[in-house]
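Scroll down for the structure; my scribbles are underneath it.
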Amino acid sequence: MSDFPKELCFALTDRLNDDDNAKQTYGCRHTNPDICGSSYINNVCAFASEDKICKKPSAKWKKIYYLLKREEA
């Protein structure tokens, strides 16, 4: 991994953050942000957004989100 802010890098299956939902994640959950097509796009990528929200997570994210949500309950 390159010099991405480590405090914004999370594994896909890490605990949910308060700002996570089925369409976005707080920070980056990509396994390799270097190859993410949205990397450093303003207001899309967590690394290039003031709110540190990734607005275009992987296609798997929605399913993973609901699995993690169910585990929290």
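We number each residue from 1, following the sequence as shown.
Put simply, Leu8 and Tyr40 are part of the same group of oily side chains (I, L, V, M, F, W, Y) that touch within less than 4.5 Å, one to the next. Linking Ile, Leu, Val, Met, Phe, Trp and Tyr whenever their side-chain heavy atoms come within less than 4.5 Å leaves Phe10 and Leu68 in two separate clusters.
Judged by distance alone, the side chain of Asn43 and the main-chain N or O of Ser49 form no donor-acceptor pair under 3.5 Å. Panel note: side chain Asp51, backbone Ile53; a donor-acceptor pair is recorded below 3.5 Å. Looking only at distances, a side-chain donor or acceptor of Arg29 sits under 3.5 Å from a matching main-chain atom of Asp14. Side chain of Gln24 to backbone of Asp19: a donor-acceptor contact under 3.5 angstrom is found.
Two residues are said to be in side-chain contact when any heavy atoms from C-beta on lie closer than 4.5 Å; Phe47 and Cys28 meet this criterion. With contacts defined as side-chain heavy-atom distances shorter than 4.5 Å, the pair Tyr65/Thr25 does not qualify. Between Cys54 and Tyr26 the shortest side-chain heavy-atom distance does not fall below 4.5 Å.
Listed here is the closest heavy atom pair of Ser38 and Lys56: OG-CD, 3.3 Å. In this structure, Lys23 and Pro57 approach most closely via the heavy-atom pair O-CD, 3.4 Å. Of all heavy-atom pairs spanning Ile41 and Ala48, the tightest one is O-CB, 3.7 Å.
Note: Thr13 OG1 to Ile64 CD1 = 7.0 Å, rounded to the nearest 0.5 Å. In this structure, His30 NE2 and Cys9 SG are separated by 11.5 Å, a value rounded to the nearest 0.5 Å.
In terms of the side chain to side chain contact (heavy atoms under 4.5 Å, CB included) criterion, Glu50 has no residue partners (sequence neighbours excluded).
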